[in-house]
Chemist: 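What follows is a single structure, and I will ask about it in a moment.
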Protein chains: 2
Amino acid sequence: MTREKNDGPQGRPEFQIFKDYIRKKGLRYTPEREIILREIVNTGDHFDVDELYLRLRNKGERLSKASIYRTIPLLIDCGLIQEVYYEDGHMHYEFIYGHEHHCHLRCLECRRIDEFVEPSLKKIEDRLARKFGYRVVGHKLEVYGYCPECRKKLNLR
Amino acid sequence: MTREKNDGPQGRPEFQIFKDYIRKKGLRYTPEREIILREIVNTGDHFDVDELYLRLRNKGERLSKASIYRTIPLLIDCGLIQEVYYEDGHMHYEFIYGHEHHCHLRCLECRRIDEFVEPSLKKIEDRLARKFGYRVVGHKLEVYGYCPECRKKLNLR
DNA sequence: ATCATTGCAAAAGCTTTGCATAAGA
DNA sequence: TCTTATGCAAAGCTTTTGCAATGAT
């Protein structure tokens, strides 16, 4: 019986990736680290430290914010999450493993965020790599403006 | 005799734009505000608060960091500068007035930043506007990877 | 038995703010 | 004269860090 992507929380590849990363670095796979990753995997979206901390607290988990701050660089380093943007005085992160690479469209008024896939960026990357001699590994595109609702509300074109 | 773009510092349109903005808002055009804008215009590139503050101090200008922090939102609001990215624990800004809209290509190793113009993003904006019903006003694209020098140094493809 | 990790509280660093004084308009 | 702006220092926040205790391997 082969393990599938949704074969129970611990069967998800994210946990194996994290474990392998931790072991390879000679670190330790602790309950706290697993709890943090599980919460990120389960809610599978954007998050920030404070919000993640409160969510875990409300579920009765007892762990410190310091542990979250110390775990985040590890999760970034093994490619499970990434920084998305800095706003309201703190960083916002996003769970990316297994998600098709996407970009963000954000409303400047209500802060709603839509996601979109833009395949042509691959070509742009290639062109830049050639033109500047870079080894390109990724990009972040954020398009901003006003969402349909706020456009109406603000009487914009 | 018509005023040209480089007809002395005070003849540059940036100052007029800032003055008009200040007046329109019922604020006051102070020496401190002008000194800050002049430094940004003259160095015409990326900057952060601390660096700008030290540069002005070294030139013998006596003004406080608080004034810089209070002036920045005004300069953003009238479109003379913009936030570029948050790194090393603080925000980085960029002087944009009169600069062709460009995107950034950054080296993850040495932090070098190259700029490039990518006209196809206009089409992407239009497509998104139609598809999501947004009124799109701008975008930020950052492509990252390793510059030619660091590629060699790190032995990357 | 080792040595990394945790929680806590303190420290650090950037940014904001309260207040008395200065100074545009 | 009336208000806004400035400088300073304190406060506010997020994030980092030192340390003793804990726990993974």
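A quick note: this is a predicted structure, and the numbers were derived from the prediction, not measured.
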Chemist: Would you check if the side chain of B:H92 reaches a backbone N or O of B:E87 as a donor-acceptor pair within less than 3.5 Å?
Modeler: yes
Chemist: Using whole Å, report how far CD of A:E51 lies from C1' of D:dT15.
Modeler: 17 Å
Chemist: With a 3.5 Å cut-off and no angle check, do the side chains of A:H139 and B:E142 form a donor-acceptor pair?
Modeler: no
Chemist: So if I take residues 54-76 of chain A and measure heavy-atom distances to DNA chain C, which residues fall below 4.0 Å?
Modeler: A:R62, A:L63, A:S64, A:A66, A:S67, A:R70
Chemist: Can you give me the first and the last nucleotide of DNA chain C (5' to 3') that has an atom within less than 4.0 angstrom of a non-hydrogen atom in chain B?
Modeler: C:dC14 to C:dA25
Chemist: Taking CD from A:E34 and P from D:dA24, how many angstroms apart are they, rounded to a whole number?
Modeler: 12 Å
Chemist: From CD of B:E32 over to P of D:dT4, roughly how many Å is that when rounded to an integer?
Modeler: 17 Å
Chemist: Salt-bridged, B:E61 to B:K59, with N to O below 4.0 Å?
Modeler: no
Chemist: Using a distance-only test with no angle check, is there a side-chain donor-acceptor pair under 3.5 angstrom linking B:R57 and B:Y53?
Modeler: yes
Chemist: Roughly, in whole Å, what's the span from NZ in A:K19 to P in D:dA24?
Modeler: 14 Å
Chemist: How many whole angstroms separate atom NZ of B:K25 from atom C1' of D:dT4?
Modeler: 15 Å
Chemist: When you compare the side chains of A:E94 and A:H46, does any donor N or O come within less than 3.5 Å of an acceptor on the partner?
Modeler: yes
Chemist: Angle class for the A:Y21/A:F18 ring planes (parallel below 30°, perpendicular above 60°, tilted otherwise)?
Modeler: parallel
Chemist: Is the phosphate of D:dT6 approached by B:T30 (side-chain N or O, under 4.0 Å from OP1 or OP2)?
Modeler: yes
Chemist: Grab the CZ-P distance between B:R28 and D:dT4 for me, whole Å please.
Modeler: 6 Å
Chemist: Suppose we screen for salt bridge (charged side-chain N to carboxylate O under 4.0 Å, His left out). Which residues come up paired with A:D126, at least two apart in sequence or across chains?
Modeler: A:K122
Chemist: For the pair made of OH in B:Y29 and C1' in D:dT6, what is the distance, rounded to whole Å?
Modeler: 16 Å
Chemist: Between A:E118 and A:H101, do the side chains contain an N or O donor and an N or O acceptor separated by less than 3.5 Å?
Modeler: no
Chemist: For the pair made of OH in A:Y86 and C1' in D:dT14, what is the distance, rounded to whole Å?
Modeler: 7 Å
Chemist: Regarding A:R106 and the six-membered ring of A:Y85, is the cationic atom NZ or CZ under 6.0 Å from the ring centre and inside 45° of its axis?
Modeler: yes
Chemist: By nearest nucleotide on DNA chain C, pick out whichever of B:D50 and B:P31 is the more 5' one.
Modeler: B:D50
